[in-house]
Each structure stands twice: as structure tokens, then as C-alpha cells.
Colleague: 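Mind looking over this structure? Questions follow.
These numbers were taken from a predicted model, which means no experiment stands behind them.
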Amino acid sequence: MSATPQRHLRARRLTLTALAVTAGAGAMVAAALPAGAASGGGAAKSRTVDVQLLSFNDFHGTLEPPQGSSGNVTERQADGTTKAIPAGGVEYLATSLREARKGHEYSVTAAAGDMIGGSPMLSGLFHDEPTVEALNKLKLDVTSVGNHEFDEGKTELRRMAYGGCHPVEGCFEMGKEFTGSEFKYLAANVTDEKTKRPLMNPTFIWKKGDVKIGFIGVTLEGTPDVVTAEGVKGLKFGDEVETINKYAAELNKQGVKSIVALIHEGGLPASGAYNYDCDAPGAGAGISGAIVDIAKNVDPKVDALVTGHTHQAYACNIPDPAGNPRMVTSAASYGRLFTDTALTYDRQTKDIVRTPVSAPKPVNKVVTRDQPKAADMTELIQRWSALAAPVANRPQGFISADIPGRGSEAYEKPLGDLIADAQLEALAPADKGGAQLAIMNPGGIRADLAYKASGAEGDGVVTYGESYTVQPFNNLMNIVDLTGTQLITALQQQVSGPVNGPNPKILQVSKGFTYTLDMTKTGTDRIVVDSVKLNGAAIDPAKTYRVAMNEFLAGGGDGFTVLKEHKNKLVGAPDLECFNAFLAKSTATSPIAPPAPGRITVVK
């Protein structure tokens with residue numbers, strides 16, 4: 001396991017005289033008894049007991065170790081430098097969690113959404129049944145839904161939870177019916193528009209002996225902004241804070257005083273290193289983003305927040321509205337990390353004892369690949385890989401070097417350029433839509449294309465499974481009419497408005513479409529309007545252009561509301577089909593090179 005500057009204490013015992021119960025916030029610790037005074041070891045139970053909370057988020061069906069830069073975590077060294085550590089893979093995650101649980105009588109495992117959706121081919125080809133099976137084997141107890149749980153709509157989400165074979169493709173394994181999740185899916189702020197009732201259970205109470213901990217699960221209120229309209233049809237997504245506070249009060253009425261919120265919304269730490277101290281120089285000073293305001297407003301009845309969505313790693317103290325310390329954690333993504341948190345449960349108050357800021361914090365631990373693989377997970381991967389092999393291992397194309405996509409931190413991503421070029425090439429012919437340019441949402445690029453072989457295919461060979469991992473959603477392409485004014489507005493919406501103002505989402509654009517992004521300015525002024533050109537000619541605000549984009553963008557996804565104003569829509573081939581057709585034109589002697597940057601000129 002990778003070294004970390006903080007060590008997680010396995011036992012903390014508190015003197016009863018040091019406990020002071022604060023209204024709705026749990027007891028505060030002033031002193032601790034020596035380790036070893038744990039409950040369960042003597043004839044009489046001690047007042048407090050340690051409960052281990054293991055958590056992770058944004059797994060996205062990543063059963064095999066993720067490829068390229070998405071398969072690393074960044075670790076900050078003592079001298080201030082950083083190094084990349086290969087991490088992830090469910091065979092290693094299972095080993096890590098099982099080792100972590102040893103010696104803990106009370107241990108609960110929770111997640112903060114996006115367990116499925118946007119998955120590599122090994123899981124996505126089978127509608128994420130392999131991932132649910134793996135999570136069952138991991139002994140996950142409970143998770144909130146995330147936005148990607150709605151990629152295939154509410155009916156498919158219910159199938160993930162309750163089982164049954166796929167309504168169209170049937171059962172994938174001979175003689176076996178999918179049994180669904182053994183863990184609980186929570187969707188407290190997702191209601192059916194007709195019945196006004198929660199789509200799934202809003203809360204879950206974990207019990208062991210006389211210990212009870214309540215969980216509330218929510219996804220981000222803006223889920224409709226990041227999912228296709230069809231995926232959230234008939235559903236309403238409520239405010240995260242209002243929902244959590246409502247159900248915290250209900251849990252209290254049921255006698256449950258210890259509460260953890262699982263929130264599929266997150267923050268942005270100042271450093272990408274998983275072991276960065278986001279509480280320096282003060283509590284929560286090193287983190288920004290939507291989760292900060294949420295944490296500051298969630299009722300003090302809630303004792304800890306497990307979060308996700310941003311794919312970042314952090315363990316921060318953001319004080320609750322009463323000013324008491326409360327930990328907010330996230331474990332990056334793809335099973336590369338998990339968070340180990342000690343909750344001190346007071347049997348008398350039935351509440352979590354909130355420790356001072358100086359006490360040991362939750363620790364994000366690396367799922368390293370230098371540990372033994374879990375044999376049951378290896379068997380699971382081999383079984384599903386055998387079913388997928390005829391399709392997954394088929395060579396699809398050739399590349400001359402790594403082409404970064406998801407792992408690229410640049411606004412203009414090499415793989416984003418490549419995908420946009422593929423879409424334009426497929427849809428430019430008059431009988432295919434007559435596209436003049438293509439735009440691609442960055443969140444739809446789910447991986448990198450790695451030059452190094454992942455199997456027996458050979459270096460530089462892109463398999464169908466690898467291309468599927470990059471473009472797993474099979475979104476239908478739309479070719480539409482947009483005016484020059486609408487195009488410029490779409491560029492401005494990349495860096496403005498309630499969705500993208502705080503966290504810009506920079507569209508990837510096809511060859512020939514260029515503009516300048518001036519990040520020294522604010523809002524819509526960041527787009528230098530007179531720099532926007534197509535094939536060297538300035539965009540004419542009054543002219544109509546044929547633009548290719550996936551159905552998610554055409555529906556106004558990711559805050560690009562102006563794109564819904566399109567006209568003369570033609571539905572084209574799926575995005576993956578366009579991408580694969582582009583790859584198929586390459587050969588071993590004429591591979592695809594990473595596109596050169598320069599379509600988006602960035603001023604910083």
C-alpha cells in the first residue's frame with residue numbers, strides 16, 4: 001500500500017466525563033482513553049464503539065485496471081514533488097477492502113453514486129450486470145444514485161436494483177437470470193412526476209447489534225443537465241440540502257441519531273494529489289465547488305458527507321451550520337482509491353462523536369496493483385471476458401502514440417479533436433446530413449487511447465473494446481441547423497451561466513473550426529467573438545451552418561441550452577459507429593497520429 005502522512009487510528013476510547021452532547025450535532029470529544037479499551041472485549045460494553053466506514057464513488061463499471069493516465073493517482077511527496085502510482089481494478093479493490101476490514105467488528109461500506117454508466121465494454125456491453133455482480137461480491141452495503149445511473153432510464157435502473165434479464169437482449173448467461181443488487185440504492189431527491197413519490201428508497205439504516213447508522217442518498221439536482229432527456233423522462237430532481245435535511249429529521253424521529261449523507265455532487269481541491277491537505281491553512285481552505293455550499297447548509301444532524309461526481313480525491317473538514325467539525329470525503333474514481341473513516345458511536349446518545357479538528361482524519365488509500373488479486377474477481381472478469389471476447393478483441397484501428405482524452409487536463413484534448421473529426425467525416429456527405437463542423441462534449445470522452453497493448457493485440461492496435469471504452473454511450477448523432485449567433489452563444493455557454501460558469505466545459509471541435517478562449521477575462525467575454533472562424537472565414541452571425549453533435553448536446557445537455565434551439569434535425573449513426581469507421585481507415589503502416597493542438601487558442 002502507498003504511504004500516507006496520516007495514520008488511521010483503529011481505536012479511540014473516550015472518557016465519559018469528556019463527552020458533551022450538542023443539539024443535533026453529536027457529542028464533542030475533549031479527551032481519549034488509551035487505544036485498546038474497545039467495546040466487546042470485556043463483560044460490560046463500553047459507552048463508545050468504533051465503526052469503520054469504507055467508501056468510494058464514481059466506479060463507472062471499471063472492472064479491469066483503467067488504461068492510460070486514468071489508471072494512475074497522483075501522490076504528493078515529502079519534498080513537494082509528485083509521482084504517479086498505477087491504481088485500480090476490481091481484483092485489487094476487493095483485496096484492499098477485505099484487508100481494511102480485518103480487525104474491525106463494526107464495518108460498513110458505502111458509495112456516492114455512478115457505480116454504473118459510462119462503463120468500459122466489459123461491463124457496458126452487458127448493461128452493467130457484471131459490475132452489479134462485482135459490487136455484491138465487494139459487500140457494498142449502500143450507495144446513492146448518481147447521474148449515470150440514469151443513462152438508460154428509470155426502468156433499467158430499477159432492473160439493476162431488483163433484477164431480471166434485459167427486456168430486449170434477454171439473459172446473457174445460459175440458464176442464469178440477473179438477480180440485481182444486494183446493496184441498497186438510495187434516491188431521496190428523485191421523485192416520480194406523477195406519483196410525487198421517491199423513485200427508490202430515500203434512506204437506509206445499517207444495524208449491527210445495538211449500533212444503528214442512517215444513510216441518506218441523493219444525486220445532484222442538476223442531473224437533467226448531464227443526462228439525455230430520455231434518461232430522466234418523468235422524473236423530478238430536488239434540492240440536495242432540502243432533501244437531506246428533511247430525511248435527517250425523519251431518521252431522528254425513528255430514533256436514528258447517527259447519519260451519513262451520500263451525495264453525488266462534489267468539490268475541486270486545489271491540488272490533484274490524493275494526499276493533498278485541503279484543510280491548510282484552515283478548515284476547508286483548499287477546496288471549492290458545489291459541495292462546499294452544500295456542506296455548509298446540511299443540517300448538523302448529519303455527521304459525515306461522502307461525495308462524488310467530480311472524480312477528485314479529498315478528505316476535508318467543512319464545519320456544519322453550528323460550527324462543529326464535519327468531514328467531507330471523496331475517493332477520486334474508477335476504484336483507484338477508497339476512503340477509510342473511523343466513526344465513534346456513543347451507545348448512550350446513539351450519535352456519532354464529532355472529534356476535534358486536530359484528531360486523525362479520514363484517509364484516502366490507494367488501490368495499488370502490487371498486492372494479490374482477489375480470486376473471485378479474477379473469475380468474474382474471465383467469465384464475462386469470454387462472453388465479450390468475440391467482439392472486444394477485434395482490431396479496430398492503429399495509432400502511433402498515446403492519444404489522451406479523459407486523462408488530459410488541457411481544454412483542447414487530442415482525443416476530443418479526433419472524435420470530432422470522426423463525426424465530421426462521417427456526417428459531411430450530403431446524404432448523411434451535410435455537416436460543416438462537429439462539436440463534442442468533453443464528458444463524453446471516457447478514456448484515453450493508449451499505445452501500449454492492453455492484451456495480446458500488440459502495441460498501437462486499437463481494439464473494439466478500447467474504442468467502446470472511449471465512447472460507451474452509443475448516442476445517436478444529430479445534424480442540425482444553427483445560426484452563427486447560436487454557435488457563438490454555445491461557445492459562450494462553455495464558460496458562463498449557472499452550470500458552466502463555475503466549472504467551464506470546453507467543447508471539442510472538428511478540424512477547421514477555430515477560436516480564442518481568453519481565460520484572463522470573465523463570463524461570456526472569455527470568448528473572443530471575432531476570432532471564431534470556420535475554415536479561415538469569420539463566422540457570420542446571420543448565416544446558417546450544419547452542425548453535427550450527439551443527441552445529448554442537441555438536447556441542451558451540460559448547460560448548452562442554446563443548442564436546443566436547432567432546426568432541421570437529421571438523426572445520424574451512433575457516435576461509436578462514426579468513431580470506429582474513422583479508426584478503421586488506419587493501418588499498421590499508416591497509423592493515426594495524435595492531432596496537433598491549435599483549434600482553441602487559450603490565453604491565460
Colleague: For the residue pair Asn147 / His264, report whether a side-chain donor-acceptor contact shorter than 3.5 Å exists.
Modeller: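 Yes - a donor-acceptor pair under 3.5 Å links their side chains.
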Colleague: Under the salt bridge (Lys or Arg N to Asp or Glu O under 4.0 Å) rule, what pairs show up with a residue in residues 132-148, not counting sequence neighbours?
Modeller: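 Of all non-adjacent pairs touching residues 132-148, those that pass salt bridge (Lys or Arg N to Asp or Glu O under 4.0 Å) are Glu133-Arg383.
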Colleague: Between Lys253 and Glu250, does at least one N-O distance fall below 4.0 Å, as a salt bridge requires?
Modeller: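 Salt bridge: no.
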Colleague: Quickly, which of Lys301, Arg354, Lys296 forms a side chain to side chain contact (heavy atoms under 4.5 Å, CB included) with Asp320? Name it, please.
Modeller: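 Result for side chain to side chain contact (heavy atoms under 4.5 Å, CB included) with Asp320: Arg354.
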Colleague: Suppose we screen for side-chain hydrogen bond (donor to acceptor under 3.5 Å, both in side chains). Which residues come up paired with Ser454, at least two apart in sequence or across chains?
Modeller: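 In terms of side-chain hydrogen bond (donor to acceptor under 3.5 Å, both in side chains), with neighbours along the sequence ignored, Ser454 is linked to Glu457, Glu466.
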Colleague: Looking only at the aromatic ring of each residue, does the gap between the centers of Phe56 and Phe338 stay below 6.0 angstrom?
Modeller: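 Between Phe56 and Phe338, which both carry aromatic rings, the centre distance is not below 6.0 Å.
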Colleague: Please name all residues satisfying side-chain hydrogen bond (donor to acceptor under 3.5 Å, both in side chains) with Thr329, sequence neighbours left out, ordered by chain then number.
Modeller: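 Result, side-chain hydrogen bond (donor to acceptor under 3.5 Å, both in side chains) vs Thr329: none returned.
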Colleague: Taking the six-membered ring for Trp, are Phe237 and Phe150 closer than 6.0 Å centroid to centroid?
Modeller: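 Yes, close enough.
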Colleague: For residues 256-311, which residue pairs qualify under disulfide (SG to SG under 2.5 Å), counting only residues two or more places apart or in two chains?
Modeller: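 For residues 256-311, and leaving out neighbouring residues, the disulfide (SG to SG under 2.5 Å) pairs sorted by first residue read Cys278-Cys316.
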Colleague: Any pair with a residue in residues 86-138 that passes disulfide (SG to SG under 2.5 Å), sequence neighbours left out, goes on the list, sorted by first then second residue, please.
Modeller: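 Listed once each, the pairs would be none.
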Colleague: For Ser69, check side-chain hydrogen bond (donor to acceptor under 3.5 Å, both in side chains) against everything at least two apart and list the hits.
Modeller: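 side-chain hydrogen bond (donor to acceptor under 3.5 Å, both in side chains) list for Ser69, sorted by chain: Asp448.
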Colleague: Can Arg159 and Glu129 be counted as an ion pair, charged N to O under 4.0 angstrom?
Modeller: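 Salt bridge between Arg159 and Glu129, a charged N being under 4.0 Å from a carboxylate O: yes.
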